[in-house]
Amino acid sequence: MSCAVASVEIARIPDQLPVSRRALTVFGVIAAITFSASSSAPTPLYRLYQEHLGLSPLLLTVIFAAYTFSLLGTLLTVGSLSDYVGRRPVTFAALLLNALAMFMFIEAQSAVALIAARMVQGVAVGAAITTLGAAILDADRTRGPLFNSVTAFAGLTLGAFGAAALATYAPAPEQLIYVVLLVVSALEAIILWQMPETAARRQGALASLRPHVSVPPQTRQTLIALTPVNVAAWALGGFYLSLMPSLVRVATGLVSPLVGGTVVAALMFTATVAVVAFRNWPAARVLTMGTSALVVGVAVTLAGIHGQTVQLLLLGTAIAGFGFGAAFSGTVRTLLPLATAGERAGLLSAFYVESYLAFSLPAILVGLLAPVVGLPISAYIYGTVILLLAISSLIAIRVSAR
């Protein structure tokens with residue numbers, strides 16, 4: 001999930017015709033949503049994998065973490081490659097890899113196969129999100145940042161809910177969503193070559209593959225202050241995308257994939273709403289509101305788990321998702337302006353490292369804990385840690401403001 005592609009300096013060719021640029025914007029948004037939807041599509045199916053393949057909660061989190069680490073590694077190496085070789089070649093390679101990952105999911109009959117599919121998918125998504133984000137900005141400098149802010153959350157919403165709906169009401173519950181996404185990826189790979197190229201080829205492609213992670217001195221204090229809420233928000237998202245469907249079934253007794261998928265989709269949908277609704281608000285105000293909503297939402301969600309009430313669980317998830325989106329937007333908008341144009345790529349890489357580690361490692365710890373104390377108690381512990389992190393951030397924000 002990235003909304004900071006605007007910071008990348010690029011070599012550009014002369015402007016294309018307005019119609020072509022509008023078409024490129026539409027294509028870029030749809031393709032970015034496709035990649036994001038592909039990444040959340042397996043989530044509602046984890047419970048089915050758990051039943052049919054005998055997977056433990058730990059294995060579920062490892063499968064999810066394989067995707068996260070693969071994505072992070074690709075972001076740090078291939079993230080700026082399209083600035084040197086062009087947007088279309090990198091996007092085309094990413095679409096082919098995404099189609100391959102969908103085929104691997106269709107054929108998967110073991111945890112190893114699912115891990116392999118997730119790793120290929122991580123490379124595809126990691127290469128695509130920065131490239132498509134840059135292409136959208138190339139085509140529409142005015143609205144591009146907003147589009148890049150919402151495509152990830154919108155895609156996660158569609159992928160989770162679409163996969164859950166197909167798994168509940170359509171045949172081949174463990175394969176059909178991947179067939180649909182494979183076909184869409186293949187069609188986009190064909191349409192791509194009708195789009196204009198917006199980045200001129202230049203030297204330095206190999207050198208661009210060297211990871212560059214740095215935190216400029218003037219940003220360190222702010223990054224440290226924002227770290228608790230950033231970790232809390234991404235850890236919440238990682239739990240939902242790896243274990244929430246299983247938790248919904250254990251806590252409520254409802255076995256339909258649609259229920260778990262709807263809960264996950266609710267988190268991402270309200271996050272999308274928050275990003276759009278508060279895009280013109282001051283970053284400090286958005287950050288405070290998002291952190292507060294995160295605290296309230298997680299508390300209500302834990303109450304829903306304790307009371308085994310889906311309605312309360314959904315309400316808490318919606319509030320927490322609202323906080324997730326606002327906190328994410330506020331964090332990025334607070335942090336990146338502190339760096340110069342030449343420092344933002346390294347700072348953004350550091351932000352990615354922190355965020356994606358928070359996205360995956362805490363969920364793995366829950367996977368280790370769940371067989372010992374049970375998934376509901378693990379969720380209580382996990383939620384309590386998120387609450388403490390978010391509350392500490394609220395205190396830090398208030399102290400900083402004073």
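Bear in mind the structure is a predicted one, so any value in this text is a computation, not a measurement.
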Exercise. What closest approach, in Å, do Leu55 and Gln50 show between heavy atoms, and which atom pair accounts for it?
Worked result: O-CG, 2.9 Å

Problem set entry | Tyr240/Phe324 aromatic ring centres below 6.0 Å | no

Could you tell me whether the side chain of [Y] reaches within less than 4.5 Å of the side chain of [X], counting heavy atoms only?
{"X": "Pro216", "Y": "Leu338", "answer": "no"}
{"X": "Asp138", "Y": "Arg141", "answer": "yes"}
{"X": "Pro245", "Y": "Val263", "answer": "no"}
{"X": "Ser36", "Y": "Leu156", "answer": "yes"}
{"X": "Val26", "Y": "Phe147", "answer": "no"}
{"X": "Leu158", "Y": "Met268", "answer": "no"}
{"X": "Leu387", "Y": "Leu302", "answer": "yes"}
{"X": "Val264", "Y": "Ser40", "answer": "no"}

For this session: Can you label the angle between the Trp234 ring and the Phe351 ring as parallel, tilted or perpendicular, going by 30° and 60°?
Result: perpendicular

For this session: Please name all residues satisfying salt bridge (charged side-chain N to carboxylate O under 4.0 Å, His left out) with Arg118, sequence neighbours left out, ordered by chain then number.
Result: none

Problem set entry | ring-ring contact (aromatic ring centres under 6.0 Å, His included) partners of Tyr46, counting only residues at least two apart | none

Seminar exercise, completed: Sequence neighbours excluded, the answer for ring-ring contact (aromatic ring centres under 6.0 Å, His included) partners of Phe64 is Phe359

No-hydrogen, no-angle side-chain donor-acceptor test under 3.5 Å, [X] and [Y]:
{"X": "Ser82", "Y": "Arg87", "result": "yes"}
{"X": "Asp140", "Y": "Thr25", "result": "no"}
{"X": "Asn98", "Y": "Gln121", "result": "no"}

Exercise. Does the side-chain contact (heavy atoms from CB on, under 4.5 Å) test come out yes or no for Ile63 and Tyr67, once each step is laid out?
Worked result: CA-CA 7 Å; Ile63 292 168; Tyr67 161 77; over 6 Å; no

Going from [atom1] on [X] to [atom2] on [Y], what distance comes out if it is rounded to the nearest 0.5 angstrom?
{"X": "Ile177", "Y": "Ser38", "atom1": "CD1", "atom2": "OG", "value": "8.0 Å"}
{"X": "Leu187", "Y": "Ile30", "atom1": "CG", "atom2": "CD1", "value": "11.5 Å"}
{"X": "Ser329", "Y": "Arg279", "atom1": "OG", "atom2": "CZ", "value": "10.5 Å"}

Determine whether a donor-acceptor pair (N or O, by modelled atom type, separation under 3.5 Å) exists between the side chain of [X] and the backbone of [Y].
{"X": "Thr131", "Y": "Ala128", "value": "no"}
{"X": "Glu174", "Y": "Leu45", "value": "no"}
{"X": "Ser56", "Y": "Leu59", "value": "yes"}
{"X": "Ser70", "Y": "Val123", "value": "yes"}

List the atom pairs, with distances to 0.1 Å, where a side-chain N or O of residues 285-295 and a protein N or O form a donor-acceptor pair under 3.5 Å, not counting sequence neighbours.
residue : atom : partner : partner atom : Å
Thr288  : OG1  : Ala284  : O            : 3.0
Thr291  : OG1  : Leu287  : O            : 2.8
Ser292  : OG   : Thr288  : O            : 2.9

Problem set entry | Pairs flagged by salt bridge (charged side-chain N to carboxylate O under 4.0 Å, His left out) wherever residues 47-61 is involved - sequence neighbours left out | Arg47-Glu51, Glu51-Arg249

Problem set entry | Phe269 CZ: over 12 foreign heavy atoms closer than 6.0 Å | no

Exercise. In terms of heavy-atom contacts, does NE2 of His306 have more than 12 from other residues, nucleotides or ligands at under 6.0 Å?
Worked result: no

Donor-acceptor contacts, no H, no angles, side chain residues 373-382, under 3.5 Å, sequence neighbours left out:
residue : atom : partner : partner atom : Å
Ser378  : OG   : Ala370  : N            : 3.4
Ser378  : OG   : Gly374  : O            : 2.8
Tyr382  : OH   : Ala235  : O            : 2.6

